[in-house]
Structures are given as C-alpha cells and as structure tokens.
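This report refers to the structure that appears directly beneath it.
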Amino acid sequence: MSEEIRLTFPDGVVRALPNGIRAGDALREWAPRRSPSFLAALVDGAPVDLDRPIVQDAQLAPVTFEDRVGREILQHSSAHLVAKALVETIPDARPTVGPPTDDGFYYDFDVRPLTPADLDAVRAAMDAAVRAREPFHRRELGREEAERLFTHNPYKLRYIADTPVGAPISVYDTGRFVDLCRGPHVPDTGWLQGVHVLGFSAITTEKAEPGRALQRVRGIGFPTREALAEYLKLRTEAEARDHRTLGQRLELFTFFDESPGFPAILPNGIVVLRELERFVREHLDEAGYREVRTPLLFSQSLYETSGHWDHYRENMFLTEADGRMFGWKPMNCPGSMLIFRSRARSYRELPMRLAEFAPLHRLEASGTLHGLTRVREFVQDDAHLFVTEEQIEPEVRTLLDWIGRAFSTFRLKWTYELSTRPAQFLGDPAVWDRAESVLERILKDSGIEYKVSPGEGAFYGPKIDCHLRDSLGRPWQTGTVQLDYQLPLRFGLQYQGPDGQLHTPVVIHRTILGSLERFLGILLEHTGGRLPPWLAPVQARVLPVTEAQSGAAQGLAEELSADHLRVEVATTEESLSKRVRTAEVERIPYVLVLGEKEMAGGSVALRVRGSKETRSLSRPELRSYLGQKVRERAFDP
RNA sequence: GCCACUGUAGCUCAGCGGCAGAGCGGCUGAUUCGUAAUCAGCAGGUCGGGGGUUCAAAUCCCUCCAGUGGCUCCA
C-alpha cells in the first residue's frame with residue numbers, strides 16, 4: 001500500500017495526498033475557503049461522509065446544499081434527527097425508514113398514535129441535539145452483529161435480510177441513537193439548525209405488520225435557520241392565498257355540510273366559470289368541434305360495455321330505478337361513444353370532435369376531498385376525438401399546442417407527465433405499447449420536457465397529463481390527452497373508409513383546463529384572488545367623491561355596461577378611502593373616481609388594482625383602455 | 001376509507017366545569033368626505049347534531065356529521 005494517493009478535483013487539479021486521508025481533509029486542502037459549506041463528498045461519483053478515509057486514487061468532489069445529492073443528504077440526516085428525538089421521547093418506538101422526498105423528508109415509525117404533545121417533545125429533543133452538535137458516526141457491522149443490534153425492530157431486520165450478501169451493512173451513531181443506514185450524512189447535528197417538523201399522520205402501508213398503521217413524521221430541512229425562516233414566511237403567505245379562504249371571502253363558492261364534496265357556486269363564481277367556458281368554447285368553434293350533451297345517468301349495462309363497472313364502480317354514485325341499476329357518469333366518454341355509434345359513420349366525418357361540458361360525479365373517498373381541487377361533482381372542458389390512425393399525431397400535436405397557449409394566458413407554469421399502462425387495464429398489451437410509443441414520440445419530437453409515470457395511465461389507455469401546482473406546491477392534474485384503442489372496440493365503433501371497408505376509429509380523450517372547478521381553485525391560488533380583468537366578477541367600480549357626482553357616476557357605469565363590462569357604483573355613504581379599500585380587498589381590477597375635478601375636465605380618475613397611482617383619462621380613452629384589456633384577455637389589469 | 005386534530009355570531013377568533021364575548025361584516029342614524037378602514041347606536045348564537053357524567057356542561061366522556069393535515073386514491 002503506497003504512502004500517497006492521487007486525488008483529482010473537479011477543476012482538474014490533481015494532488016498527491018497521504019493515503020487514508022479523510023475526504024473532508026482532502027477537500028479542505030483543495031478549497032480551504034469554500035470547505036465550510038461542504039457537507040459530504042463524492043468519491044468517484046459515490047456520496048460518502050466527510051470523515052471517510054480515502055485509500056486509493058480517486059476523483060474527489062465536494063457536496064453542498066446547492067447540489068441535489070447535498071439536499072437529499074441534509075433531508076435524510078434531518079430524518080435521522082427526528083428518529084433520534086422520537087426514540088428519546090417514546091423509547092419503545094420502532095423506526096422503519098426515513099427517506100428524503102421532493103420537498104423535505106419523512107420518517108415512518110411503528111409506534112402508538114402520536115399526539116401534538118409528542119411532537120412538541122420531539123421538537124425539544126431535536127433542538128437539544130442540534131445544540132449538542134452530535135457527530136454522525138459510521139460503523140460497518142457483520143450481519144449477525146447487526147441483527148443482534150436490531151433484535152427488537154422487525155423492520156430493520158427485514159432490511160438487513162434484504163441486503164445482498166457481501167454488501168456492507170452500516171449503522172450510524174448519533175449520540176446514543178443507532179440507526180441502520182447506508183449514509184452518508186452531514187458531519188454532525190449542528191448542521192441541522194434549519195430543520196422543521198411539519199406534522200405527523202398515520203399511513204397505511206404493506207410494510208407495517210397486518211392491521212397496524214405506521215406513524216409518519218414529515219419535515220423539511222434547510223441549511224440555515226434563516227433559510228428556514230424564509231420558507232416559513234413563504235408558507236404563511238401561501239396559506240393566505242388558499243383558494244378555500246379566497247372563495248369564501250370573494251363569495252365565489254361555498255360548501256354545505258349536507259353535501260360534502262359538492263361545490264355550491266355563488267353568483268361571482270358563476271361569472272368566472274362562464275368566462276372560462278367562453279374562453280374554451282371560442283377555441284372549440286375555431287378548431288372544428290361540435291358540442292353535445294349526453295345523459296347524466298346510464299344503466300349498469302352501459303358501464304359493463306365501457307369497462308367502468310369492473311374498473312371504476314367503487315368510485316361511482318349508483319341509483320336504482322325501475323328495478324335496474326343506474327350509475328351517475330364519472331366521465332363523458334361512454335356517452336360520446338354512443339353518439340358516434342348512433343348511425344353509420346364515414347371516414348369523411350373524421351376527425352370527429354365532440355365536446356361536452358357536463359357535470360361528472362365521482363364518489364371520491366371522503367378523506368381526499370379538498371376545496372375545489374378535489375370534489376365529487378365537477379365539470380370538465382371535455383372532448384372526444386374520433387380519428388384514424390394517421391390523424392392521431394396531428395391532432396395530439398394541436399392539442400398540446402393549445403394546452404400550452406391556454407395555460408400561458410394565465411401565466412401558469414405546468415409540467416407534462418406521460419402515464420403508462422396501469423396494473424388493471426383493458427385490451428392487448430401490444431396495442432398499449434404502440435399507443436405509449438406514439439405519445440412518447442410526439443413529446444420527443446416537440447422537444448417537450450416530460451416525466452414518465454409508470455402505471456398511472458387510465459384503464460383504457462396511456463395519457464399525457466399537465467400538472468399545475470397549488471400555492472403550497474401540491475401538484476394537481478388538469479389538462480390531459482389520452483389515447484384510447486379500447487373503448488372503440490368495446491363499443492363496436494366503425495366507420496366506412498375510402499376503401500369501402502369498415503374500420504375502427506381511435507379515440508382521443510382530452511381536456512384543456514381539466515376540471516373547471518379545480519382550475520379555478522388553482523387560478524385563485526396562483527393570482528391570490530387577483531383574477532385577470534376578463535375573469536373578474538366585478539371589473540370596475542365607479543366611486544363618486546360626493547353626492548353631487550352620483551348622477552354622473554351612474555351615467556358612467558351605464559356607458560361602460562353598454563360596452564359589456566361588469567361595472568358597479570359605490571354610493572357615498574362611506575368615505576372615499578373606505579370605498580377604495582373595499583374595492584382593493586374585493587380584488588376589483590379598476591376603480592374609477594369621479595369628483596369635482598373630473599366633472600370640470602370631463603375626465604375619469606382611474607386607479608388600477610394594486611397600484612397607488614391614479615391616471616386621469618377621458619371617457620373615450622377609458623372605454624378603449626378597459627375594452628382592450630378585457631378583449632385581449634390581458635393577465636394584468 | 002385510515003390516523004391525528006378542529007368545530008363558539010355571516011367571517012376571524014377569545015372563553016375550556018359556575019351569567020355566551022371581541023373585532024370585522026350587517027342594520028339604523030349622523031357625517032358628503034380626493035384614493036387601503038369617519039363616528040354613534042342596534043340586531044345577531046340550541047357554542048356542529050344526538051346521548052351521557054355532574055347540583056351545574058361551550059368546557060369532561062361517548063357517538064354521529066362536517067372540516068383541516070397527511071396516507072391511500074385521483075381531474
């Protein structure tokens with residue numbers, strides 16, 4: 001064994017350093033100033049602890065919180081800290097796993113149900129450990145020794161049993177807490193000042209012993225206390241944008257105890273939904289769609305044909321009548337299939353694009369309901385495109401293009417997901433493979449970035465989904481394009497081709513905004529209730545300064561109403577400031593003030609939402625300004 | 001559906017075994033006001049529903065309903 005090893009650093013520098021030098025020491029030699037931010041190291045690309053000795057020539061690189069690996073190490077170390085604190089609080093708790101996630105970490109325990117008091121105790125124990133700066137110390141054990149150490153923890157024993165023979169079995173000591181873990185970790189708990197426990201909940205998992213739920217503690221770690229404070233501030237702000245609060249305050253929608261999961265849309269909310277529908281319908285008219293309306297209830301036999309009876313029944317509202325079972329439609333597709341089949345079809349009719357805005361009913365599990373984003377009754381801007389094989393590609397491209405343009409109108413950021421064949425599916429796997437590859441090729445050709453979600457497809461076909469995030473970063477599916485070779489077969493759909501033969505069409509299921517209710521919820525959180533002027537329930541409010549201008553105010557309101565603007569007058573019982581404030585609180589895009597000055601000059605003082613400034617405009621200028629903003633569907637007022 | 005928590009006036013919340021409260025909103029009156037809250041008065045509650053414990057329950061217990069955060073599931 002040689003005395004020195006050659007280490008190559010990311011900038012290409014090669015150094016000869018003592019054999020057995022710790023990774024952290026070597027990195028400090030290389031970059032003394034930056035080294036305090038290094039929380040782990042990469043040796044030949046593999047993450048290791050900073051105190052790991054290096055015993056051969058290697059590529060050595062630092063890991064900081066800026067790196068994905070670094071963030072994961074910090075989250076995972078934070079999970080260890082939670083486990084240590086929880087075991088100190090409840091000694092018979094059995095830790096299972098504590099991985100990093102996309103936005104933080106969790107640790108699952110086999111333990112009695114937790115209480116908020118437990119969480120306080122855990123937080124206190126975590127603080128104490130952070131102050132004590134306890135090192136994370138790695139040990140590698142033999143299999144038997146490891147099994148002895150975790151005799152009382154069947155979960156850890158299972159992980160040990162699952163470790164391949166020959167692979168190292170490592171544990172980490174943090175103070176007196178020992179956890180089975182591959183590592184690596186931050187050097188000590190002093191790095192974990194920015195850890196925050198978010199909450200706990202029971203989870204159902206096959207990992208738990210039968211009939212037993214695990215308790216999951218969730219949290220998030222930041223490199224510093226300041227970064228955590230910043231996150232908590234953003235979170236508080238996000239909570240203020242919660243669409244459920246805004247919906248109530250702006251009188252858009254409400255819920256009744258007597259109908260959980262069924263939104264009641266108030267007059268203001270109807271205005272917004274109608275504008276959204278109009279937005280979509282304009283596209284339908286331009287793009288050659290025909291709108292239809294199919295029944296809300298269908299008999300069991302229809303759902304047997306469509307496959308819903310076998311694959312979706314537990315999510316359906318059922319109703320018995322005339323001694324037959326009927327189901328409230330959870331999707332529009334079966335009705336569209338029946339329309340296509342209702343007479344002989346020619347290839348000349350394809351692509352046949354049928355749109356439908358019908359209320360859909362899905363018996364979602366009670367615990368999953370959430371404001372407007374997860375409901376039991378909703379309307380989609382739905383459509384079914386009956387196409388030939390050759391028409392798939394141009395139609396899907398057009399759809400992706402239009403989804404992008406629609407979301408851009410709202411300045412939303414979205415991601416695409418390709419969802420493939422689920423465990424329960426209809427039809428021939430080979431046909432599925434073909435459909436999946438068609439969608440994938442279109443995504444690739446368009447240069448669209450996307451994620452693959454294996455097994456997340458609909459039971460009748462693969463799909464491309466668009467996901468929007470709410471103010472707390474939770475993703476929600478909205479627009480979707482689904483390729484379906486199954487339902488046309490099951491319904492026996494046929495058209496006569498130019499060759500005189502009968503052919504089976506392919507169906508594309510698609511939505512743009514998805515559920516209009518869900519879309520409204522996300523849009524409210526995205527805008528903080530400051531809807532674009534074209535969507536605002538009240539677009540402008542006219543404020544006469546004194547009684548003397550109330551006639552003129554009425555006149556202005558009428559003039560603007562004639563331009564199809566939604567205008568109100570706020571009478572002078574309240575002070576001007578109060579009325580301005582109220583308009584701002586109600587998120588009204590335009591406030592128009594008429595006082596003596598304006599009367600003398602024939603002008604209007606325009607105050608735009610969110611701005612302290614006012615502008616003096618002539619009436620024609622005002623009308624053209626407001627008209628343009630609304631007509632062009634401008635995002636900002 | 002599962003686990004935990006929460007439910008008091010239209011809204012936000014205080015009260016947590018001994019007389020049901022505040023602010024905002026609403027109504028009435030006064031004020032006619034120049035860009036984010038004028039002043040005063042009044043009304044408004046089976047303390048989510050039902051059951052129990054207690055001399056006494058908004059308060060403690062049970063149960064049902066609804067909501068919140070996760071889990072599972074999903075547009």
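The chains referred to below are lettered A, B, ... by the order of the sequence lines, with proteins before strands, and numbering in each begins at 1.
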Side-chain N or O of A:Ser577 closer than 4.0 Å to phosphate OP1/OP2 of B:A36: no

Distance, P atom - from B:G10 to B:C27, rounded to whole angstrom: 15 Å

Complementary nucleotide for B:G1 - Watson-Crick or wobble, under 3.5 Å: B:C71

Atom P, compared across B:G49 and B:A66: separation rounded to whole Å: 15 Å

G-U wobble or Watson-Crick pairing nucleotide for B:C16 (cut-off 3.5 Å, both distances): none

B:G17 to B:U59 separation - C1' atoms, rounded to the nearest Å: 6 Å

Distance-only donor-acceptor test (3.5 Å): side chain A:Arg216, base B:C3: no

Sugar-phosphate, base or nothing in reach of A:Leu360, heavy atoms under 4.0 Å: nothing

Any donor-acceptor N/O pair under 3.5 Å between B:G34 base and A:Glu598 side chain: yes

Sugar-phosphate, base or nothing in reach of A:Glu258, heavy atoms under 4.0 Å: nothing

Distance-only donor-acceptor check, side chains A:Thr572 and A:Glu547, under 3.5 Å: yes

Base paired to B:C60 (Watson-Crick or G-U; both N/O distances under 3.5 angstrom): B:G52

Minimum side-chain heavy-atom gap A:Phe105-A:Val82 below 4.5 Å: yes

Touch class at under 4.0 angstrom, heavy-atom based, for A:Arg518 against every strand present: base

Sugar-phosphate, base or nothing in reach of A:Glu364, heavy atoms under 4.0 Å: base

Sugar-phosphate only, base, or nothing, as touched by A:Val375 at under 4.0 Å among non-hydrogen atoms: base

Donor-acceptor pair under 3.5 Å, A:Thr614 side chain vs B:U35 base: no

Touch class at under 4.0 angstrom, heavy-atom based, for A:Thr478 against every strand present: sugar-phosphate

Distance-only side-chain donor-acceptor flag, A:Thr294 / A:Lys329, under 3.5 Å: yes

Between A:Thr546 and A:Gln549, a side-chain donor and acceptor under 3.5 Å: yes

Distance, P atom - from B:G44 to B:A22, rounded to whole angstrom: 13 Å

Sugar-phosphate only, base, or nothing, as touched by A:Gln248 at under 4.0 Å among non-hydrogen atoms: sugar-phosphate

Nucleotide forming a Watson-Crick or wobble pair with B:G7, both distances under 3.5 Å: B:C65

A:Arg281/A:Glu291 ion pair, N-O < 4.0 Å: yes

Any strand: nucleotide that pairs with B:U46 via Watson-Crick or wobble, under 3.5 Å: none

Pairing partner (Watson-Crick or G-U wobble, both distances under 3.5 angstrom) of B:C39: B:G29

Touch class at under 4.0 angstrom, heavy-atom based, for A:Ala583 against every strand present: nothing

